[in-house]
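Here is the structure we will look at.
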There are 2 protein chains.
Amino acid sequence: MTDRAAKLQSAGVYQRSTIRDVAARANVSVTTASRALNGTGRMSEETRERVRTVAAELDYRPNSIARGLVQQRSFTLGLLTNDTYGRFTLPLASGLSAAMADRGVSVFLSAGEYEPESLTLNLRAMEEKRVDGLIIAGKRIDRGLPIDLPPLGMPVVYVYAAAPEGAVSFVPDDENAARAAVRHLIGLGRNRIAHITGPEDFKAARLRESGWRSALREAGLAPHGPAVFSAWTEAHGFQTARAMIDAGGVPDAIFCGNDQIARGVIDAFTLAGVRVPQDVAVVGFDNWEVFAQATRPPLTTIDMGLPGLGRSAGLALLDLIDGKPVEPGVRETPCQLVVRESCGANDV
Amino acid sequence: MTDRAAKLQSAGVYQRSTIRDVAARANVSVTTASRALNGTGRMSEETRERVRTVAAELDYRPNSIARGLVQQRSFTLGLLTNDTYGRFTLPLASGLSAAMADRGVSVFLSAGEYEPESLTLNLRAMEEKRVDGLIIAGKRIDRGLPIDLPPLGMPVVYVYAAAPEGAVSFVPDDENAARAAVRHLIGLGRNRIAHITGPEDFKAARLRESGWRSALREAGLAPHGPAVFSAWTEAHGFQTARAMIDAGGVPDAIFCGNDQIARGVIDAFTLAGVRVPQDVAVVGFDNWEVFAQATRPPLTTIDMGLPGLGRSAGLALLDLIDGKPVEPGVRETPCQLVVRESCGANDV
DNA sequence: CTGAAAGCGCTTACAG
DNA sequence: CTGAAAGCGCTTACAG
């Protein structure tokens, strides 16, 4: 035992076995032990097995810091986001870290809202840790982070955020998702379909509106009035539905730009005695369960598949890191319609 | 330039400068460069300055992997959680990572719901990265993670989760927060104060109920009926309020166990023409803004200060890692009442 | 005040 | 099929 090991142990620090311990116990060189454990090189099956058994006995955990130093890789990724709200980031991060863990890669999280200094500090800490690459996630698809990143000298993949020219990025396929939602309504026999959504300066709002229009066009239907753009809030949905009632122009279906708007819409109708889904069908967007499950009736809505988005981004980043060719550009990943009861689809 | 450097550079890999580059350019030994950069050792101010200037010129970033290898520290923490929902984890993680970044420490996130294998894999990846310590976060204060952690051989701090005997853990001070909420109501002249909350088998529900009782007792008031325990949902709040109306026993204030319940309560009253806050004041718990801001009127509620909780836990973990004495046990951190309009406090 | 040397725990040419 | 040696980029006794 070295002096250091003795000192650490007497200080109560748990001392891990190293590859030298494994090699010694298995009567092979460190070289052979390394190769046996990593499945590289050629050696007798017997030797490889013996080394592995010994490693298991010693509960050996390779020190990826040491490995990283020689391989010039840290097996580590950074996830940088300005969404501290959690709505997007956590599902995304969990999909990402699950996929990465399978490959021995861990991910650093740096979440900071509106605090450029904090993001910068986190970024610097990650640079010093020599992360192999970076995932940059936002909270809207047409905005980047609130800081100008310095030249990073490492691969970067963008998710749910605006990306610079030539970068690799992933966003949900808002337009097709919207089209699918509206088609669902059409398939249930609705033909006066309105759209209430978020602010027009959000690209997501524009894409969803466009999906709504094109599904109607394909079916030979006219939009029921213009789309009503405003805040992504319940209040917006509530007031707009209220206004429809007052004007006597209630449609037979409403496609909403998000679940909160849908919630407000349903509340307003319920309050006024308009029945959902009998009189008017409602679809949301996001599948944010605290809303989608809490509406009466439960909300049919679009799930953006955020964990899958995180996973895809991570895998693309890994390819980039490995120097594999990755087509630059914006990848639009498919979303899924989650059918509950707000359209009457399950009553048939 | 070494062969490796040449090869990497020709492969388009950005090559960082090392401490040797800095030392050479500043005409000092690597030893001196290291000491100058770290502020250790004694040397002329002039030398130290010169080294630092050169480091800045070369945009030198110390390789914390190499440093970690010799110092047997990775300057890295793991955050393990089974809350993929995001409600608790992300605010907590952002407070944690901000506080850690200030100290050059980065945090790995592993979030996995109900997937023991995934958590195990992530944990193993973190062990191999030699994280200096672990933060284990849950989604209720009386449950641990769904996996039995193997002996970890590293410091651990628990947050918002059950902790084993003798461990260091942090939870919000539910009982005093509840007491403060109820005192607020009493201070506004309310004296028939009911309590609607989550399932009784949640410790958080029991603590909040107990805070409600003791605030009333201190003020010489009787509880308005027994606490109504059930799900943490809007539906529970809605139905219970509805039942109060039907029974003709509407109190003049309701302290709710969370914001969702409060939301349901307010909706039911509004629907029945009972005015909030004029006829009945409502307080929630969580300060979950999508709910607390969306109720009409906006909700007065308790903020648990999750970023601060994450920060405190991180600092305690750092102390543990540094071998400083840390008192074991459960630390109950103070919460804050956020006054909005559902109690009429701002109308005075 | 400054530096040469050893070493952290691995991987990987290179040699046999 | 196997191993001795060099080296990844730092820090830190030890020596002067």
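Below, chain A is the first sequence line, B the second, and so on; all start at residue 1.
- The listed nucleotides are D:dA13, C:dG9, D:dC8; the one nearest the side chain of A:Thr18 is C:dG9.
- Going from atom CG of B:Asp132 over to atom P of C:dC8 covers 18 Å, rounded to whole Å.
- Following rounding to the nearest Å, B:Arg16 (CZ) and D:dC10 (P) show an atom-to-atom distance of 11 Å.
- In this structure, B:Val28 reaches the sugar-phosphate backbone alone: every heavy-atom distance under 4.0 Å involves primed, P, OP1 or OP2 atoms, never a base.
- Proximity note for A:Arg67 (side chain, C-beta onward) versus C:dC10, C:dG3, D:dC8: the nearest is C:dC10.
- For the segment residues 40-51 of chain A, the set of residues with a heavy atom within less than 4.0 Å of an atom of DNA chain C is empty.
- Rounded to whole Å, atom C1' of C:dC8 lies 13 Å from atom CG of B:Asn63.
- At a threshold of 4.5 Å between non-hydrogen side-chain atoms, the residues A:Val159 and A:Ile136 do not count as touching.
- Atom CD of B:Glu332 sits about 8.0 Å away from atom CD1 of B:Ile141, to the nearest 0.5 Å.
- Side chain to side chain, A:Lys129 and B:Ser64 fail the donor-acceptor criterion of an N or O pair below 3.5 Å.
- In this structure, CD1 of A:Ile19 is placed 11 Å from P of C:dT12, rounded to the nearest angstrom.
- Under 4.0 angstrom from either OP1 or OP2 of C:dT11 there lies at least one side-chain N or O belonging to A:Asn38.
- Look at B:Arg130 and B:Asp132 and you find no salt bridge, because none of the NZ, NE, NH1 or NH2 atoms lies under 4.0 Å from a carboxylate O.
- Between B:Glu128 and A:Arg61 there is no salt bridge, since no side-chain nitrogen of the basic residue lies less than 4.0 Å from a carboxylate oxygen of the acidic one.
- For the residue pair A:Ser34/A:Thr31, the side-chain donor-acceptor check at 3.5 Å is not satisfied.
- Following rounding to the nearest Å, B:Ile65 (CD1) and D:dT11 (P) show an atom-to-atom distance of 14 Å.
- Phosphate contact (OP1/OP2 of C:dT12, side-chain N/O of A:Gln71, threshold under 4.0 Å): present.
- In the set C:dA13, C:dT2, D:dC10, C:dA13 carries the atom at the smallest distance from any side-chain atom of A:Arg35.
- Within the structure, a side-chain polar atom (N or O) of A:Thr32 is placed less than 4.0 Å from OP1 or OP2 of D:dG3.
- Rounded to an integer number of Å, the gap from B:Arg73 CZ to D:dT12 P is 12 Å.
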Pair assignment for DNA chain C - dot-bracket with | for other-strand partners, Watson-Crick or G-U under 3.5 Å: |||.||||||||.|||

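- Although no hydrogens or angles enter the test, the distance criterion places no donor-acceptor pair under 3.5 Å between the side chain of A:Thr47 and the main chain of A:Met43.
- Remark: B:Lys139 does not engage B:Asp83 in a salt bridge, criterion side-chain N to carboxylate O under 4.0 Å.
- Taking atom CZ of residue B:Arg20 and atom C1' of nucleotide C:dA5, one finds them 13 Å apart after rounding to whole Å.
- In this structure, CZ of A:Arg130 is placed 18 Å from C1' of C:dC10, rounded to the nearest angstrom.
- Contact check for B:Leu123 versus B:Ser110: no side-chain heavy atoms found under the 4.5 Å cut-off.
- Distances shorter than 4.0 Å separate none of the side-chain N or O atoms of A:Gln72 from OP1 or OP2 on C:dT11.
- Nearest-nucleotide assignment on DNA chain D puts the 5′-proximal partner with B:Ala66, out of B:Thr31 and B:Ala66.
- Between A:Asp322 and A:Arg73 there is a salt bridge, with a side-chain nitrogen of the basic residue lying less than 4.0 Å from a carboxylate oxygen of the acidic one.
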